[in-house]
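Computed from a prediction, not measured in an experiment: that's the story for all the values here. Along the sequence shown, the residues carry numbers beginning at 1.
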Amino acid sequence: MNSKKPSISASLDAQFSASINRLTGQLSGKPGLVIALSGGVDSVVLLSLAAAWSHSHAGAARAIYIDHGLQSQSAEWGLQCAALCEAHNVEFQVINVAVDLDSGLSPEAAARDARYAAFEENLSDGEYLCTAHHADDQAETLLLQLCRGAGVSGLASMPECRVFGNGYLLRPLLAVSRDAIVQYAQRLALDWCEDPSNQDTRYARNFIRHRVMPLIVERWPQAAKQLSRSAAHCADAASLGNDLAAIDVAGDVASNESHARLSLPQINALSPVRRRNALRYWIKSHGFLAPSQVQLDQIVKDIVEAGTDSHGRVGFGSAAIARYRDEIFIGPRESFEPLADFEYCWPDTTYPIFLPELGWQLVACEHPRLASHLGDSVMVRNRRGGERWKAPGAQHSVAVKSLLQQRGIPPWQRGRLAFVYKDEKLIDICGVGFRL
């Protein structure tokens, strides 16, 4: 009896459907798919698979083409994508983006940032942005990360699914080889665009794809699949590391809207390896990119392991970490910098006043001491040094510096307090999360 093997198109359709069902299975109702469509063979196959899935499962699917304007043919590719979507009865949208080529990033990295920012902005609640990354892409990413000296989080490469904007980023073809995708496209006679920049080996990924991977595959034909498997092992290791780090930084609290703080004795009680793991996790958990190994070593040396009288600060990327007493603080780099002097007349405290240097609004009725001056005309300025405070009913005034030290206010936050004066008498000190 003859056994007939399923066609490549049928098996890939089934694999795609199984992947979508598995990765979105915890949702009630049918997920909405947004296809990241470039016009290349990978994304064209993704569009075909998603369209077939949405029609058979009564699910929603739409496609977005990002025009970076970096290639002369980009507008033409957009028209081809529009025609493909019309043929598949899929809603289509073109988004033009400006790529910052002076950002210090490589052109491909700058284009990727602009592309994903546009996708994130245009993703509705609960939608899945589907990209056409496949097993060969995963293998290339792993090799790139190895050459950059990445840790397990970097070597984990691309996850199948993660939170993204208002929805999720999904890679349903991550276990599929590039050969299988091309064969699918050829079998169904799909039309796709060829981006000439994909052949330019000056780009690191293209160099690996066209020069390195062929040599590896010549010796190890299943290399892409095995490298993808290694990336999955690294993802498991990274997940375990994050679980351990979450335990190690338990008790991390927000000191105000700009900073979070962590106990130094708590971190110093860990082994060096766990300490570095916990710090990376803590930094990323507050929305900042993890520091490089050199930067992390500097944080450990200049802040974590420094003497008790240290008030060090280390900046990296858009973030900075500083130390005060037995705690370390993290926040935007600029939030640790001193402010220029400012002074505003607040003619009627019945109404709020916005303080642009501090980035927040001062509302008198939210501060008990100011509430007794509701309707008064007062002056608001930042700290200049040498201020003294006399509490109502007290016989003597105290230095504001001593008062702030007693309250445990770090030096960089003291300059971001609003000092309110009535007839040159200090009547209140206000801040985010601070009350006299």
Side-chain angles (χ1 to χ4, degrees), residues 252-263 286-288 309-313 315 318-436:
D252 159 46
V253 296
S255 61
N256 58 33
E257 292 181 356
S258 299
H259 301 91
R261 66 180 187 266
L262 189 62
S263 164
H286 289 288
F288 299 104
D309 59 346
S310 170
H311 298 294
R313 185 189 314 166
S318 63
I321 287 181
R323 171 175 177 165
Y324 180 63
R325 295 179 177 173
D326 283 336
E327 292 181 312
I328 55 175
F329 296 75
I330 188 170
R333 185 191 286 255
E334 65 273 10
S335 67
F336 293 93
E337 301 297 333
L339 294 176
D341 289 345
F342 64 84
E343 181 173 283
Y344 294 101
C345 175
W346 190 1
D348 186 351
T349 55
T350 304
Y351 304 97
I353 182 173
F354 180 71
L355 306 173
E357 289 83 359
L358 301 180
W360 48 270
Q361 186 173 256
L362 181 54
V363 181
C365 61
E366 295 178 354
H367 298 266
R369 299 189 187 281
L370 277 185
S372 62
H373 292 274
L374 208 61
D376 288 356
S377 175
V378 298
M379 298 297 296
V380 183
R381 55 176 174 257
N382 58 329
R383 186 179 178 221
R384 309 296 168 82
E387 295 90 351
R388 299 189 66 83
W389 165 253
K390 184 178 181 181
Q395 291 186 341
H396 304 287
S397 64
V398 298
V400 168
K401 179 179 180 180
S402 298
L403 177 64
L404 297 178
Q405 287 176 337
Q406 292 170 11
R407 295 285 192 91
I409 306 299
W412 60 86
Q413 292 183 7
R414 298 171 196 171
R416 284 173 161 73
L417 297 173
F419 287 66
V420 186
Y421 293 84
K422 171 70 174 177
D423 299 328
E424 291 304 315
K425 177 185 177 182
L426 181 61
I427 59 173
D428 206 352
I429 304 173
C430 308
V432 176
F434 178 85
R435 301 287 186 274
L436 267 179

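Environment of NZ in Lys422: crowded, with over 12 heavy atoms of neighbouring residues, nucleotides or ligands closer than 6.0 Å. The number of heavy atoms from other shown groups lying within 6.0 Å of OH (Tyr351) does not exceed 12.
Distance CD1/Ile427 to CH2/Trp389: 8.0 Å, rounded to 0.5 Å. The CZ atom of Arg407 lies 6.0 Å from the CG atom of Leu436; values are rounded to the nearest 0.5 Å. For the atom pair Leu417 CG and Leu355 CG, the distance stands at 11.5 Å (nearest 0.5 Å). Atom CD1 of Ile409 and atom NZ of Lys401 lie 15.0 Å apart (nearest 0.5 Å). Within the model, atoms CZ of Arg414 and CG of Leu403 stand 10.0 Å from one another, a figure rounded to the nearest 0.5 Å. The OH atom of Tyr344 sits 11.0 Å away from atom CE of Met379, with the distance rounded to the nearest 0.5 Å.
Without hydrogens or angle criteria, Arg435 side chain to Arg369 main chain gives no donor-acceptor distance under 3.5 Å. Of the possible polar contacts, one joining the Thr349 side chain to the His373 backbone as a donor-acceptor pair under 3.5 Å is found. At distances below 3.5 Å, not a single donor-acceptor pair connects side-chain atoms of Arg323 with backbone N or O atoms of Ile328.
Under a 4.0 Å N-O distance rule, the pair Glu337/Arg313 qualifies as a salt bridge. At a threshold of 4.0 Å, the pair Lys425-Glu387 does not count as salt-bridged, since none of the basic side-chain nitrogens sits closer than that to a carboxylate oxygen. In summary, Arg381 and Asp341 do not engage in a salt bridge, as defined by a charged side-chain N under 4.0 Å from a carboxylate O.
Across all non-hydrogen atoms, the minimal contact from Phe288 to Pro332 is CZ-N, 3.7 Å. In plain terms, the two heavy atoms of Gly331 and Ser335 that are nearest each other are C-OG, 4.0 Å. The shortest heavy-atom contact between Ala364 and Leu370 is O-CB, 3.6 Å. Nearest heavy-atom pair across Cys430 and Val420 is SG-CG2, 4.4 Å. Scanning all heavy atoms of the two residues, the minimum distance from Phe336 to Ala320 falls at CE1-O, 3.4 Å. Minimum interatomic distance between Pro352 and Val363 (heavy atoms only, all atoms of both residues): CB-CG2, 4.0 Å.
Residues Gln395 and Lys390 are not in side-chain contact: their nearest non-hydrogen atoms beyond the backbone lie 4.5 Å or more apart.
Between Phe329 and Trp412, the ring centre distance stays below 6.0 Å.
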*Could you walk me through whether Leu358 and Phe342 pass the side chain to side chain contact (heavy atoms under 4.5 Å, CB included) check?*
CA-CA 10 Å; Leu358 301 180; Phe342 64 84; 4.0 Å; yes
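Counted by atom type alone, Glu343 and Tyr421 present zero donor-acceptor pairs between their side chains at under 3.5 Å.
Remark: of the listed residues Val380, Asn382, Val400, Val400 is the sole one forming a side chain to side chain contact (heavy atoms under 4.5 Å, CB included) with Phe419.
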